[in-house]
Undergrad: 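Have a look at this one before I ask anything.
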Amino acid sequence: MLELWQSISPFILPVYYVAIFFVVINILLENRNPLKTHSYLLLLLLLPFAGIIIYLFFGRNQRKRKVFAKRQLINHAFGAQYVHEYLDKNEVISSRHESEKKWIQYRKLVRFLSNDLSPLSLNNQVTILRNGEEKFPEVMEAIRKAKQHIHIEYYIFDNDTVGGPLSELLLKKVKEGVEVRILLDGVGSLSVKNAFFKKMRTGGILIEEFMPVMFPSFTSKINYRDHRKIIVVDGKIGFTGGINLDDRYVNGKTGQVYWRDTHLKLEGDAVKTLQFLFLLNWQFVTQQEFQSTASYFPQIENTGNHCVQINASGPDLELASIMESFFIAITSAKKSVKIATPYFIPNESILDAIITAAKSNIQVELLIPYESDSWIVQAASLSFVDRLLKGGVKIFLYKKGFMHSKVIIIDDNFASVGTANMDYRSFDLNHEVNAYIYDTDLVETLLEQFADDKKECIEIAADDWKNRGFKQKIKESLCRLLAPLL
């Protein structure tokens with residue numbers, strides 16, 4: 001063995017240099033965001049052999065176009081059908097409409113999202129669900145009453161005290177003649193045994209996996225995850241937000257970390273967009289056009305007066321629309337901006353928007369976890385604290401448990417609740433979905449919850465932060481270099 005190593009070792013370094021050369025050329029030709037390019041080049045420099053392996057597995061974008069090419073064609077055709085056949089023509093907003101006073105401050109955002117197949121819907125009843133203990137009973141009740149179809153798209157669907165009973169209920173609904181489709185992410189539900197899903201398939205549930213990962217061939221597939229959480233029942237009731245189908249989101253068990261999260265129950269025309277998004281991904285996974293009928297987009301009688309837009313983003317879309325929409329919303333603020341997010345690794349545009357708002361005498365508050373489920377992400381997040389504090393942003397660390405809620409509140413009349421974190425992965429790589437709410441009553445509830453969450457936090461004081469240990473500063477700075485890759 002030693003002789004074999006001695007015979008091949010002289011060739012390893014030249015081969016490595018050649019490989020590095022082609023990798024660097026490839027990175028440069030991709031013309032990515034300069035920050036991300038610099039991060040990968042630095043990774044290759046600091047971690048000579050490990051860096052190239054990390055890039056090959058997580059950084060390559062060449063397959064992106066191939067992966068989503070057919071999806072673009074199918075999406076275009078189905079999008080045209082959705083607009084012309086299923087969107088309520090009465091949803092066209094007139095500048096003299098009574099609802100204008102709810103969204104006039106954000107008309108730039110409304111128009112931006114409307115151009116991205118995210119129409120403003122006026123006929124909605126929205127229920128804010130705090131944590132899994134409020135969400136899951138509502139989900140089970142809606143599914144029990146399903147008559148025609150149930151569509152579920154989730155990052156995690158676990159076989160536990162939440163997923164187990166839900167799967168049994170879904171099997172029962174199939175026996176009643178209800179169509180059930182489930183779309184699961186190939187990474188998020190990877191640890192769940194196949195027997196769990198096999199039982200559901202055998203029982204008549206249609207289950208598809210979003211970009212499954214197998215062995216080293218997954219390469220860039222690890223990047224393009226379906227991080228959405230969508231449930232649609234009969235085209236009339238929908239759910240979306242930060243809570244997966246996993247019992248860690250239900251609090252009260254001994255020894256369990258408290259999980260703070262926010263979800264929404266939607267009834268009304270906004271559900272059409274959730275349905276549309278589900279069917280787009282279903283078509284992508286099956287590689288077949290979905291034979292949609294009006295039963296999936298039913299006419300909905302007057303349900304409520306909540307103004308809602310549903311917006312999605314993903315690597316297949318031209319615009320990073322969720323990131324862009326966050327920027328527009330923050331720059332529309334007149335009095336306050338409140339942000340709760342588990343992962344805070346913003347790009348320069350979002351960071352500038354937040355700090356500019358704070359410097360404009362707008363109250364800006366950021367709520368992030370005291371302890372994250374990823375130390376490297378936590379350190380990268382904390383690397384932004386110094387600049388934020390100097391800009392006038394108040395930062396709170398949630399100590400009661402893990403802050404997983406993804407909420408933005410602007411003034412007292414706008415809120416975003418959804419699946420997107422405020423980080424590069426949600427902005428550039430994952431398929432995400434958010435609901436945008438223009439309503440003072442609903443926002444008041446979210447403001448009250450934000451105030452309650454702050455009571456479980458410690459506020460970072462500028463002097464204390466300046467005096468933190470040198471070791472902590474170095475860790476933050478090193479992790480910050482990798483921020484665009486996280």
Side-chain angles (χ1 to χ4, degrees), residues 35 38-39 42 257-262 326-327 329-331 333-412 421-424 446-486:
L35 285 174
H38 294 158
S39 296
L42 188 63
V257 174
Y258 186 86
W259 205 282
R260 175 67 183 95
D261 218 324
T262 305
F326 284 179
F327 178 87
I330 292 169
T331 55
K334 295 181 178 179
K335 295 182 295 184
S336 65
V337 176
K338 301 181 189 299
I339 300 169
T341 181
Y343 312 116
F344 183 78
I345 307 179
N347 58 19
E348 283 298 311
S349 297
I350 295 297
L351 189 61
D352 286 343
I354 291 172
I355 293 175
T356 301
K359 288 182 175 180
S360 304
N361 293 323
I362 292 172
Q363 182 189 54
V364 181
E365 297 178 318
L366 172 65
L367 201 159
I368 57 177
Y370 180 81
E371 291 186 8
S372 177
D373 57 349
S374 169
W375 69 267
I376 189 170
V377 173
Q378 179 78 351
S381 296
L382 294 177
S383 72
F384 294 92
V385 167
D386 188 58
R387 184 176 168 188
L388 291 168
L389 289 175
K390 289 177 179 177
V393 178
K394 294 185 177 181
I395 304 174
F396 300 87
L397 301 179
Y398 188 78
K399 292 197 70 174
K400 184 176 181 179
F402 184 45
M403 169 54 64
H404 194 254
S405 187
K406 310 154 201 303
V407 175
I408 300 175
I409 307 170
I410 308 295
D411 296 343
D412 59 356
N421 300 306
M422 197 161 282
D423 63 4
Y424 285 87
L446 290 170
L447 285 170
E448 291 172 355
Q449 293 185 2
F450 193 90
D452 289 342
D453 291 334
K454 279 172 55 179
K455 296 175 183 176
E456 306 293 342
C457 295
I458 58 170
E459 183 177 355
I460 298 179
D463 290 339
D464 293 340
W465 187 253
K466 188 184 301 182
N467 295 325
R468 71 196 187 283
F470 178 76
K471 182 179 178 181
Q472 176 65 23
K473 292 179 182 180
I474 287 293
K475 183 170 74 169
E476 293 166 8
S477 297
L478 288 174
C479 293
R480 171 71 170 268
L481 293 175
L482 300 177
L485 313 182
L486 299 175

Undergrad: Could you grab the distance from atom CZ of Phe470 to atom NZ of Lys475, nearest 0.5 Å is fine?
TA: 14.0 Å

Undergrad: Ignoring hydrogens, what is the shortest heavy-atom contact between Pro342 and Ser405? Give both atom names and the distance.
TA: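 Here Pro342 and Ser405 meet closest at CD-O, 3.5 Å.
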
Undergrad: Report the distance from atom OG1 of Thr331 to atom CZ of Phe326, rounding to the nearest 0.5 Å.
TA: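 It comes to 13.0 Å.
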
Undergrad: From Leu366 CG over to Ile460 CD1, what is the distance, rounded to the nearest 0.5 angstrom?
TA: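 Here the rounded value is 8.5 Å.
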
Undergrad: Please identify which of these residues, Ser383, Ser381, Ser372, Pro369, meets the side-chain contact (heavy atoms from CB on, under 4.5 Å) condition with Phe344.
TA: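 Option passing the side-chain contact (heavy atoms from CB on, under 4.5 Å) with Phe344: Ser381.
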
Undergrad: Quick check: are there more than 12 heavy atoms from other residues, nucleotides or ligands sitting under 6.0 Å from NZ of Lys473?
TA: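 Above 12, so yes.
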
Undergrad: One pair to check against side-chain contact (heavy atoms from CB on, under 4.5 Å): Gln449 and Arg260. What are the steps and the verdict?
TA: CA-CA 11 Å; Gln449 293 185 2; Arg260 175 67 183 95; 3.2 Å; yes

Undergrad: Is a side-chain donor-acceptor pair under 3.5 Å present for Lys338 with Gln363?
TA: yes

Undergrad: For a side-chain hydrogen bond (donor to acceptor under 3.5 Å, both in side chains) with Lys406, tell me which candidate from Asp261, Asn421, Thr341, Thr262 qualifies.
TA: Asn421

Undergrad: Can you give me the closest heavy-atom contact between Tyr370 and Ile458, atom names plus distance?
TA: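 Heavy atoms of Tyr370 and Ile458 come nearest at CE1-CD1, 3.7 Å.
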
Undergrad: Keeping Lys466 on the side-chain end and Ala461 on the backbone end, is there a donor-acceptor pair under 3.5 Å?
TA: no

Undergrad: I need the Leu388 CG to Lys394 NZ distance, nearest 0.5 Å.
TA: 14.5 Å

Undergrad: At their closest point, which heavy atom of Trp259 faces which heavy atom of His404, and how far apart are they?
TA: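 It is NE1-CB, 3.1 Å.
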
Undergrad: With rounding to the nearest 0.5 angstrom, report the CZ to CZ distance, Phe450 to Phe396.
TA: 7.0 Å

Undergrad: List the atom of Ile362, the atom of Lys334, and the distance in Å for their closest heavy-atom pair.
TA: CG1-O, 3.8 Å

Undergrad: On a heavy-atom basis, which atom in Ala358 and which in Gly392 lie closest, and how many Å separate them?
TA: CB-C, 3.9 Å

Undergrad: Nearest 0.5 Å, what's the SG-CD1 distance between Cys457 and Ile395?
TA: 12.0 Å

Undergrad: Which residue is it: Ile354, Leu351, Ile345? I am looking for the one with a side-chain contact (heavy atoms from CB on, under 4.5 Å) to Met422.
TA: Ile354

Undergrad: Decide, yes or no, whether a salt bridge links Asp386 with Lys390 under the criterion of side-chain N to carboxylate O below 4.0 Å.
TA: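 Salt bridge present between Asp386 and Lys390.
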
Undergrad: Count the heavy atoms belonging to other residues, nucleotides or ligands that lie under 6.0 Å from CG of Asn467, then report whether that count exceeds 12.
TA: yes

Undergrad: Give me the atom names and distance for the closest heavy-atom approach of Ala462 to Leu389.
TA: CA-CD1, 4.0 Å

Undergrad: Which is it for Leu397 and Ile368 under the side-chain contact (heavy atoms from CB on, under 4.5 Å) test, yes or no, and what are the steps along the way?
TA: CA-CA 5 Å; Leu397 301 179; Ile368 57 177; 3.6 Å; yes

Undergrad: Do the charged groups of Arg387 and Glu476 touch, with an N to O distance under 4.0 Å?
TA: no

Undergrad: Please assess Gln378 against Glu371 for the test side-chain contact (heavy atoms from CB on, under 4.5 Å), listing each intermediate value before the final yes or no.
TA: CA-CA 7 Å; Gln378 179 78 351; Glu371 291 186 8; 5.6 Å; no

